[in-house]
Structures are given as structure tokens and as C-alpha cells.
There are 2 protein chains.
Amino acid sequence: MTATATQDQAAGVPDEVGSLELGQIGQSLGFLLRLSQIEIFEMFYRALSRYDMKPGEFSILYVIHLNPGVRQGALAERLMIKRAHMTKLIRLYEGRGLVARTIPEDNRRTVHLHLTDEGERFVSENARVFLGYIHQETDRLTPAEADELTRLLRKFLGLEGTP
Amino acid sequence: MTATATQDQAAGVPDEVGSLELGQIGQSLGFLLRLSQIEIFEMFYRALSRYDMKPGEFSILYVIHLNPGVRQGALAERLMIKRAHMTKLIRLYEGRGLVARTIPEDNRRTVHLHLTDEGERFVSENARVFLGYIHQETDRLTPAEADELTRLLRKFLGLEGTP
DNA sequence: TATTGTTATACTCTATAACTATA
DNA sequence: TATAGTTATAGAGTATAACAATA
């Protein structure tokens, strides 16, 4: 295929998408991750757009749900969201009545987060469809391959052995 | 670890990042891809920031280099970049003297792209360090695991068997 | 002096839709 | 009428730096 694509170009034949040569970029983890993420987002919106819930939004609320009282900075670090950005997001969820912020007496610099009753309701109402979707993400792979893919990504991220 | 994190929270013990419970989100391909991409970008800028070259920028020029005369829309589709966005990028590279646009006589709706001499020079000067970087992306994995990871991502993307 | 969160600002990427030229 | 590219506009996500409060 490599030779063909280049020959076609040399011969002035208009290429089509499928025959486009990617070279070593096609083996780049960064390139493949970018394409995969776009693909996942498109799948997500095809499947779940009617639920008016973004992946990032649900993720943050879900992790607060699993870790009531989590410190805002720790949440940001784990989710690789900058602290300044996390402030905006949390204030947004607070404004929507989903998250409550508390400042503990023993360290008044920190902010602890938990879900309001409405936030808990939001998570439990959406968890089934959202978490169910997670298992459909990898339709093109066998179950064993899907497991292996997540295992490798977790190892790449140094997430092995963590919850 | 699941029980511990929750217990700690219930006991009011401030959690730290490493003990944060991610639940099923930690198995989500979308979540892992997002974190992995951030990680790759950070590695990239740590390693290559002095070269004043962004991954996306090099990718586009490299693929034009491999497919001289490629139609702009085909390039956009393959790289999953919206046509409107690709127009801006190509105009930018054209303004920097790296890319030339030609409109073929037989179909004057289309734009064919190729690198200028300076564009070719840019790619050949940067290819070694950029493509060399690609092979360092997966330091935390064994070579076999890195191969398997890219293979699985390519299969997920339906890129198997394409160049 | 270091940590935690906040505010302000700006930039990149991307989406959408309307538009032009061409087929 | 459909296709390819362009233009204009807006929004999301994120980065940076300066700042305040607290330790």
C-alpha cells in the first residue's frame, strides 16, 4: 500500500481517504489517542446526547459521589484538570445545586466536596446509562482485547494497582 | 482499596490523590484516553518544546509530504479535522511558505496540496527528532506491550490493514 | 515561605452555519 | 442539486499569572 499511494500521487491520480499514506505517524501513540478520543466522543453523542450529560460532567460528579468530602485539589490532580479550571467547574455545579463545598475548621485553606441530595439523584439516575455505555465503547474489539487495551492504558498512565 | 477509600471518607479522613476511588470510570476507555493524551502531550513538550513544533502541525506537513498532491478534504477526513478548520491551518502554513495549494483544471472545486521546498526542508529537518520521539512515548510499557497497545488502538479505529 | 483555591485574561481547538464557486 | 472549500462567529477547554487567605 505504501508504494501504491506514493505512485498514485506521482502519477497525478487523485487520492482517496482510504489510500492515504500515514507513514510512521500511523504508529504514533499520540496520533492514535487523538483519533480514538474523537471516535469515542462521537460514539458517546450518538448514544447519549438525549440525556443532556457530558462525559466530563458525569465523571466529576461520579468521583465525588465515590469519595464524599474529597479535597478539590486532589480531585483536580487525579482527573488531570487544572486547579483554576476545577474551580470554575465546581462553582458551576454548585450553582446548579449538585455539589456542596465545605471548608473544614482544621485547615481553612482547603475545600471539601460532596454531592447534594440532588447531586446524588443526578448520579444515580444517570449512572446506569452512562456506565452501561462504557462497556459498549469497545464494540470493535473482542472482550479480551478490550480488557487488554484498558490494562495497557492504565499501565501507561501508572494507574496499575490503584482503584 | 474500594472499601478503604469510602471508609476513610466516611470517617472524615482527608483523602490523598493516590487513594482516590475512580470506580467504573477508571475502566472507561474515554476516560483513560483523555488522561493518556494529556500525559503524551506533557511528555512531548518536556522533550521537544525547544523545537517550536506542535504535534498536529508536524503531522499535517508529514502526511502531505507522504502524499504529494493530496486533496485538502481527504487530508481533513483522514486526520479527523473539520474542513473549516483545515482551511485555516493550510492557509497558515501557506502563509509561512511551507505548503502550496494548486487547483487542478479538471475539477476546479478541489484544492491539491504539496510542500514547498521550504516545507520539505522543515519536514526532513524535524522528522528525525519527531519520529524518534514516537518510539519513546511508551517508556512505561515493554516493547511488546507498546506494539499491542498501538495494534489495539488501530483496530479500535478501524485502521487495520491501512498504511 | 509554601499551600490552596480564586480571579482575570487570553489562546487553541473545534463546531456550526451561511456563503461562493464549481460540477 | 450536490460537492469542495471558505468565511464568520461562537463556544468549550485549557493555560498562565497574579492574587488572597491560610498554614
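Only a predicted model underlies this, so the values are computations on that prediction, with no experimental measurement involved. Every chain is numbered from 1, with letters handed out A, B, ... down the list of sequences.
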Check your understanding: Tell me, which of residues 91-102 of chain B have any heavy atom that sits under 4.0 Å from an atom in DNA chain C?
Key ->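 Per residue number, the list is empty: none.
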
When you compare the side chain of [Y] with that of [X], does any pair of heavy atoms fall below 4.5 Å?
{"X": "B:Val111", "Y": "B:Thr102", "value": "no"}
{"X": "B:Leu66", "Y": "A:Ile25", "value": "no"}
{"X": "A:Val63", "Y": "B:Leu22", "value": "yes"}
{"X": "B:Glu145", "Y": "A:Phe156", "value": "no"}

Whole angstrom is fine here: how far is it from [atom1] in [X] over to [atom2] in [N]?
{"X": "A:Phe41", "N": "C:dC13", "atom1": "CZ", "atom2": "C1'", "value": "13 Å"}
{"X": "A:Glu57", "N": "D:dG13", "atom1": "CD", "atom2": "P", "value": "10 Å"}
{"X": "A:Met86", "N": "D:dA12", "atom1": "CE", "atom2": "P", "value": "18 Å"}
{"X": "A:Lys54", "N": "D:dT14", "atom1": "NZ", "atom2": "P", "value": "11 Å"}
{"X": "B:Gln72", "N": "D:dT7", "atom1": "CD", "atom2": "P", "value": "11 Å"}
{"X": "A:Ile90", "N": "C:dT6", "atom1": "CD1", "atom2": "C1'", "value": "13 Å"}
{"X": "A:Leu113", "N": "C:dT6", "atom1": "CG", "atom2": "C1'", "value": "14 Å"}

Inspect the contact between [Y] and [X] and indicate whether a charged nitrogen and a carboxylate oxygen are less than 4.0 angstrom apart.
{"X": "A:Glu118", "Y": "A:Arg121", "value": "no"}
{"X": "B:Glu148", "Y": "A:Arg151", "value": "no"}
{"X": "B:Arg71", "Y": "B:Glu77", "value": "no"}

Study note, to complete from the structure: With sugar-phosphate taken as primed atoms, P, OP1 and OP2 and all else as base, the protein-contact string of nucleotides 15-23 of chain C at under 4.0 Å (heavy atoms; B, S, -) is BBB----BS

Exercise for review: Give a yes/no answer on whether the side chain of A:Arg71 brings an N or O atom under 4.0 Å of OP1 or OP2 in C:dT3.
Suggested key: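 Result: no.
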
Practice item. With heavy atoms under 4.0 Å as the rule, sort B:Thr110 into base, sugar-phosphate or nothing. Key: sugar-phosphate

Review point. Excluding sequence neighbours, so at least two apart, what forms side chain to side chain donor-acceptor pair (under 3.5 Å) with B:Arg140?
Key: B:Glu39

What side-chain donor-acceptor pairs closer than 3.5 Å can you find for residues 79-93 of chain A, not counting sequence neighbours?
{"residue": "A:Thr87", "atom": "OG1", "partner": "A:Gln72", "partner atom": "NE2", "Å": "3.4"}
{"residue": "A:Thr87", "atom": "OG1", "partner": "A:Arg83", "partner atom": "O", "Å": "3.2"}

Check your understanding: Only one of A:Leu29, A:Leu33, A:Leu35 clears side-chain contact (heavy atoms from CB on, under 4.5 Å) with A:Phe31; which?
Key -> A:Leu35

Quiz: residues 53-60 of chain B side-chain donor-acceptor pairs under 3.5 angstrom, not counting sequence neighbours:
{"residue": "B:Glu57", "atom": "OE2", "partner": "B:Arg96", "partner atom": "NH1", "Å": "2.8"}
{"residue": "B:Glu57", "atom": "OE2", "partner": "B:Arg96", "partner atom": "NH2", "Å": "2.9"}
{"residue": "B:Ser59", "atom": "OG", "partner": "B:Pro55", "partner atom": "O", "Å": "2.8"}

Check your understanding: Between the two end axes of the helix from C:dT1-D:dA23 to C:dA23-D:dT1, each built from 5 base pairs, what angle do you get to the nearest 10°?
Key -> 0°

